[in-house]
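Mind looking over this structure? Questions follow.
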Protein chains: 2
Amino acid sequence: MAEPTLTISDRIQQELDRLTRAERQLAHSILENYPASGLGPLTALAKDANVSTPTVARMVQKLGFKGYPEFQNELREELKAKAKNPIAKHDTWTEGAPSGHVLNRFTDAVIDNIRHTLGQIEPETFDRACALIADTAHPLYIVGGRITHTMAEYLFLHAQIIRPRVTHIQSTSNAWPHYLLDVGEGDVFVIFDVRRYENNTLKLAEMAHARGAKIILFTDQWRSPVHSLADICFSSRIVAPSAWDSAAATLLLVESVISAMQDINWEDTKDRAERLEDMFDQTRLFRKFT
Amino acid sequence: MAEPTLTISDRIQQELDRLTRAERQLAHSILENYPASGLGPLTALAKDANVSTPTVARMVQKLGFKGYPEFQNELREELKAKAKNPIAKHDTWTEGAPSGHVLNRFTDAVIDNIRHTLGQIEPETFDRACALIADTAHPLYIVGGRITHTMAEYLFLHAQIIRPRVTHIQSTSNAWPHYLLDVGEGDVFVIFDVRRYENNTLKLAEMAHARGAKIILFTDQWRSPVHSLADICFSSRIVAPSAWDSAAATLLLVESVISAMQDINWEDTKDRAERLEDMFDQTRLFRKFT
DNA sequence: ACAGCGTTGTAATAAATTTGACATTATTCT
DNA sequence: AGAATAATGTCAAATTTATTACAACGCTGT
């Protein structure tokens, strides 16, 4: 399908010469605040341009639309496309694969999720969360559920290098109450809970909250019930062309948190990472070369 | 005049908790294509969000507008203001954060990684890999290392729903040789191995290869030594503005594989997923509503 | 100057959108 | 488990909005 790629703005400018006096007046009024003015009621647009309503109706028909509503519809489509576009300039991500291929469809969805997720985050909130997570004055607990424990563990594995006193709890394990024994005022909990919200996770959050712990929640756009207990809540978009959800946007947030954490405690982190390297050397766990 | 500088989008997000189910559904629909969808007729918006028209009317009143037209009016004002604003907003992902903020820098890197990663994949190779992974005629083994076992487990958790005979092996566990006892000709191994390539993983791959297993490798752009044994190799870009690497592109591939797998075995998957739901219902592990 | 034609506005009509009243359904609390 | 309450949808009335018909105006050329 060959996209016209001709915006209404373009079309109006093209026709400008063929338009009559009142119509030109109107055209300029539309272009003045494009596309906002065209999206209001016909009456308002006419008054704005100091022309009569039928002039508006006639002009949109001259431009090839059946009526004003159809004209507005296309304006809105344009707006939608514009919002999507900055990133979607890639027709296909994988060369040689049709745009309907899983890889392309899935990647589109993930990029979209990322954009929406990031768009909803206030940088101050994010910074505050990172400061809390990086604060070594309080123990850090990381909690995940059935699927999300993978994200929790990913965070844990890195947090463990960056700072001491980090614990990973799986809410699906029935041993989780044990961990709460030592929890006190001001301890920090990072909790992951996405769709198919888990009862165990909620109970755990309630108990942690009752003990005065601060809760940072990573959830989806519909928000886990834990969010009412959370001090800070990040909701990622997780929709994907699949029977299951995508964790990609969540992972991006987690990795950003890790990156921010290490910047906060850089001296410590460097030191700890070096000591870790030494220990790895002694265990011969990794290959020295290649 | 003190401008509130609070966009409707902000206000909706702020109120999100106080909104009811149908209203939240609607709110998400508005934010999905913001502000385009809110500028159409109330009727269309309601249909889009699968709620009734009065729900829309009620919500905009809850947000403090006299009626839908007034709501639209403010949306248009917002749009005008945005268009007038000399700073082109959309070069940062998180509004309000400077382009040097971790979130923006990290996201840029991840999108770039995704682009590079996808650009190097041949769709035929990908399809072949998915066919192998989905083929229930052979057992499937999924192997991960120190950090990558989180990706391995993510794949495992989903693969387990989609097909039988899936096993997750952590190469860092010293029990991994046990798993190789039963491995035979044609078994399929999915192996994750990224920088700081692990000796255990390589040994495991060698033994699996010696037994005639097929190996599908997920590695980074520098390629794990396992790649010489692999039938299929995917290398993701993993560079990030951080002391550690980003797994986001790898996760995207994994999720795409999951999506493709389920399409291949859809009948089976559906059946298995339903049975799983039943079992979940019986365990009361998840919340039924909200 | 005035006939003719194209342009524009006024007013009435038709169509649509929005809002309000009420019944039904879901949820919460006891 | 059942009553009370809140949420949601259906339907109809009211309002707004778009369109059409027609009259007035102004320009152009003879």
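Remember, it's a predicted structure, so these values are computed and weren't measured experimentally. Here is the naming used below: chain letters follow the sequence lines, and residue numbers restart at 1 for every chain. Both backbone and side-chain heavy atoms feed into the values below; hydrogens, waters and symmetry mates do not.
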A:Ala27 to A:Leu19 - nearest heavy-atom pair and separation
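Here A:Ala27 and A:Leu19 meet closest at CB-CD1, 4.1 Å.
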Residues passing the side-chain hydrogen bond (donor to acceptor under 3.5 Å, both in side chains) test with B:Arg21, sequence neighbours excluded, are B:Gln25
Partner set under salt bridge (Lys or Arg N to Asp or Glu O under 4.0 Å) for A:Glu23, not counting sequence neighbours
A:Lys62
Backbone N/O of A:Pro98 and side chain of A:Asn104: donor-acceptor pair under 3.5 Å:
yes
Donor-acceptor contact present, side-chain A:Arg11 to main-chain A:Leu63, <3.5 Å:
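Checking the backbone N and O of A:Leu63 against the side chain of A:Arg11, a donor-acceptor pair under 3.5 Å is found.
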Residues A:Thr201 and A:Ser171: side-chain donor-acceptor under 3.5 angstrom
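On atom types as modelled, these side chains qualify, holding a pair under 3.5 Å.
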How long is the line joining CZ of B:Phe71 and P of C:dT18, in whole Å?
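B:Phe71 atom CZ is separated from C:dT18 atom P by 11 Å.
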Once you round it to whole Å, what is the distance between C1' of C:dA16 and CD of A:Gln72?
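A:Gln72 atom CD is separated from C:dA16 atom C1' by 12 Å.
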Could you tell me which residues satisfy side-chain hydrogen bond (donor to acceptor under 3.5 Å, both in side chains) with A:Thr55, sequence neighbours excluded, listed by chain and number?
A:Ser52
How sharply is the helix from C:dA1-D:dT30 to C:dT30-D:dA1 bent, taking the axes over five pairs at either end and rounding to 10 degrees?
30°
So if I take residues 39-51 of chain B and measure heavy-atom distances to DNA chain C, which residues fall below 4.0 Å?
B:Pro41, B:Leu42, B:Thr43
What residues 17-36 of chain A contributes to the DNA chain C interface at heavy-atom separation below 4.0 Å is A:Thr20, A:Arg21, A:Ala22
Taken in chain and number order and not counting sequence neighbours, the residues that satisfy ring pair (Phe, Tyr, Trp, His ring centres under 6.0 Å) with A:Phe218 are A:Phe192, A:Phe234
Parallel, tilted or perpendicular: rings of A:Tyr141 and A:Phe189 (30°, 60°)
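If you compare the ring of A:Phe189 with that of A:Tyr141, the planes turn out parallel.
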Can you list everything that forms a side chain to side chain contact (heavy atoms under 4.5 Å, CB included) with A:Ser37? Sequence neighbours excluded, please.
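So A:Ser37 forms a side chain to side chain contact (heavy atoms under 4.5 Å, CB included) with A:Asn33, A:Leu45.
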Under 4.0 Å from a heavy atom of chain A: give me the 5'-most and 3'-most nucleotides of DNA chain D that qualify.
D:dT17 to D:dT20
Nearest whole Å is fine: how far is C:dG6 P from A:Lys62 NZ?
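So the NZ-P distance, A:Lys62 to C:dG6, works out to 12 Å.
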For A:Thr53 and B:Gly67, take the nucleotide of DNA chain C holding the closest heavy atom to each; which residue's nucleotide lies nearer the 5' end?
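Residue closer to the 5' terminus by nearest nucleotide: A:Thr53.
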With sequence neighbours excluded, tell me which residues meet side-chain hydrogen bond (donor to acceptor under 3.5 Å, both in side chains) with A:Thr43.
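Residues passing side-chain hydrogen bond (donor to acceptor under 3.5 Å, both in side chains) with A:Thr43: none at all.
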5′-ward residue of the pair A:Val60/B:Pro54 relative to DNA chain D:
B:Pro54
Under the rule for side chain to side chain contact (heavy atoms under 4.5 Å, CB included), what residues qualify as partners of A:Pro241, not counting sequence neighbours?
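Residues passing side chain to side chain contact (heavy atoms under 4.5 Å, CB included) with A:Pro241: A:Arg105, A:Phe106, A:Ala109.
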Contacts of type side chain to side chain contact (heavy atoms under 4.5 Å, CB included), residue A:Gln13, not counting sequence neighbours:
A:Ser9, A:Leu31
